[in-house]
Amino acid sequence: MSSDPRSDLPGAPPDDSRHASPDGLHSDLYRDVTGFAHDTPDWLHSLAEYGTGGGLLLLAALLATACWRVRRAEPGILARALLGGAAVAAAYGVSEAVKLVVREERPCRAVAGAPAPIAPCPEPGDWSFPSNHATIAAAAAVAVVLVWRAMAWLVLPLAVLTAFSRVFLGVHYPHDVVAGALLGAAAVLLVTWSAAGPATALTDRVRTRLGYTGPASWATIAAGPRPHRKPDDTPPG
């Protein structure tokens, strides 16, 4: 029953306030994005559904590759790479904890008048804020850039597209993905900054025990073995 009895009279305009969402602008943005999504071709829907998880896998692979590339770099660089990977896991854990505290319902159930989601709406109790996908994507992208800046052109847009796909598919509000991205990026920067000293010292100690005592020795290893020089090959003084 409408709160305004006039809206129930024959010919009266519908009472749109019954469909208003308490989220206001966030719900309007959600409707705009999901409406746009339904106007796009079916192949783009499929690409978004596969890409939302595929983007995370690609970012994880690039982060692993970045760590492998710097395995023979100076201890500080390797420590930063390893801390980045740990920070991604920490960011995911924090995002899960925030979900349990905020307990925001998914927009695919909460926003009245929105188009049906392209992807299946997650089960009740799988809360919306913040977006885990956006958190992990942003964290992994920042972790890669910190040790492999040449890949920024790829990982940063990929993280943005992965995050946006969650709204495009209809399973998150825009503010969910923005908050998740900020959380992921902040977690990596905070962890790599605060733990850089101890992690570098630990990395250096481990390398020393393995017989590598400094950056120079690692540069020698990266260059590969030198050809054996016979005594008579020594150039004259």
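None of the values given here were measured: they were computed from a predicted structure.
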| query | Measuring from L56:CG to L63:CG, what's the distance to the nearest 0.5 Å? | reply | 12.0 Å
| task | Without swapping roles, check the side chain of T52 against the backbone of E49 for a donor-acceptor pair under 3.5 Å. | result | no
| note | Of all heavy-atom pairs linking V147 and R69, the shortest is O-NH1, 4.4 Å
| field | Inter-residue atom distance I77.CD1 - T200.OG1, 0.5 Å rounding | value | 9.5 Å
| said: Which heavy atom of C108 sits nearest to which heavy atom of P122, and what is that distance? | reply: SG-CD, 4.1 Å
| Where do S95 and N132 come nearest, in terms of heavy atoms and distance? | OG-OD1, 2.6 Å
| request: List the atom of P130, the atom of V98, and the distance in Å for their closest heavy-atom pair. | output: CD-CG1, 3.6 Å
| Side-chain donor or acceptor of H26 paired with backbone N/O of H175 under 3.5 Å | no
| query | Nearest heavy-atom pair of K99 and S128: which atoms, and what distance? | reply | NZ-O, 3.6 Å
| message | Between P117 and L169, is there a side-chain heavy-atom distance shorter than 4.5 Å? | response | no
| field | Exercise: do E104 and H172 side chains pair donor with acceptor under 3.5 Å | value | no
| request: Output yes when D126 and R106 qualify as a salt bridge under the 4.0 Å nitrogen-oxygen rule, no when they do not. | output: yes
| Working for side chain to side chain contact (heavy atoms under 4.5 Å, CB included), residues F168 and L44 | CA-CA 10 Å; F168 184 90; L44 191 56; 4.1 Å; yes
| said: Count I, L, V, M, F, W, Y as connected when their side-chain heavy atoms are under 4.5 Å apart, and connections chain through other members. Are L58 and Y92 then in the same cluster? | reply: yes
| request: Would you give the length of the straight line joining atom CZ of R71 to atom CG of L82, rounded to the nearest 0.5 angstrom? | output: 12.5 Å
| task | Determine the minimum heavy-atom distance between A159 and A141, stating which atoms define it. | result | CB-CB, 3.8 Å
| Side-chain donor or acceptor of R166 paired with backbone N/O of H133 under 3.5 Å | no
| Same cluster for V177 and F36 if Ile/Leu/Val/Met/Phe/Trp/Tyr side chains link at under 4.5 Å? | yes
| field | Hydrophobic cluster membership, W153 vs L59, 4.5 Å side-chain cutoff | value | yes
| Same apolar cluster: L158 and L156, side chain cutoff 4.5 Å | yes
| message | Please evaluate residues R109 and C121 with respect to the criterion side chain to side chain contact (heavy atoms under 4.5 Å, CB included), reporting the C-alpha separation (whole Å), side-chain torsions for both, the decisive distance (0.1 Å), and the verdict. | response | CA-CA 8 Å; R109 277 189 295 274; C121 194; 3.4 Å; yes
| request: Give the intermediate values and the outcome of side chain to side chain contact (heavy atoms under 4.5 Å, CB included) for residues W148 and C67. | output: CA-CA 9 Å; W148 195 3; C67 292; over 6 Å; no
| message | Under 4.5 Å between side-chain heavy atoms, counting indirect links through other Ile/Leu/Val/Met/Phe/Trp/Tyr residues: same cluster for L183 and V144 or not? | response | no
| request: Give me the one residue out of V111, L29, V178, V33 that meets side-chain contact (heavy atoms from CB on, under 4.5 Å) with Y173. | output: V111
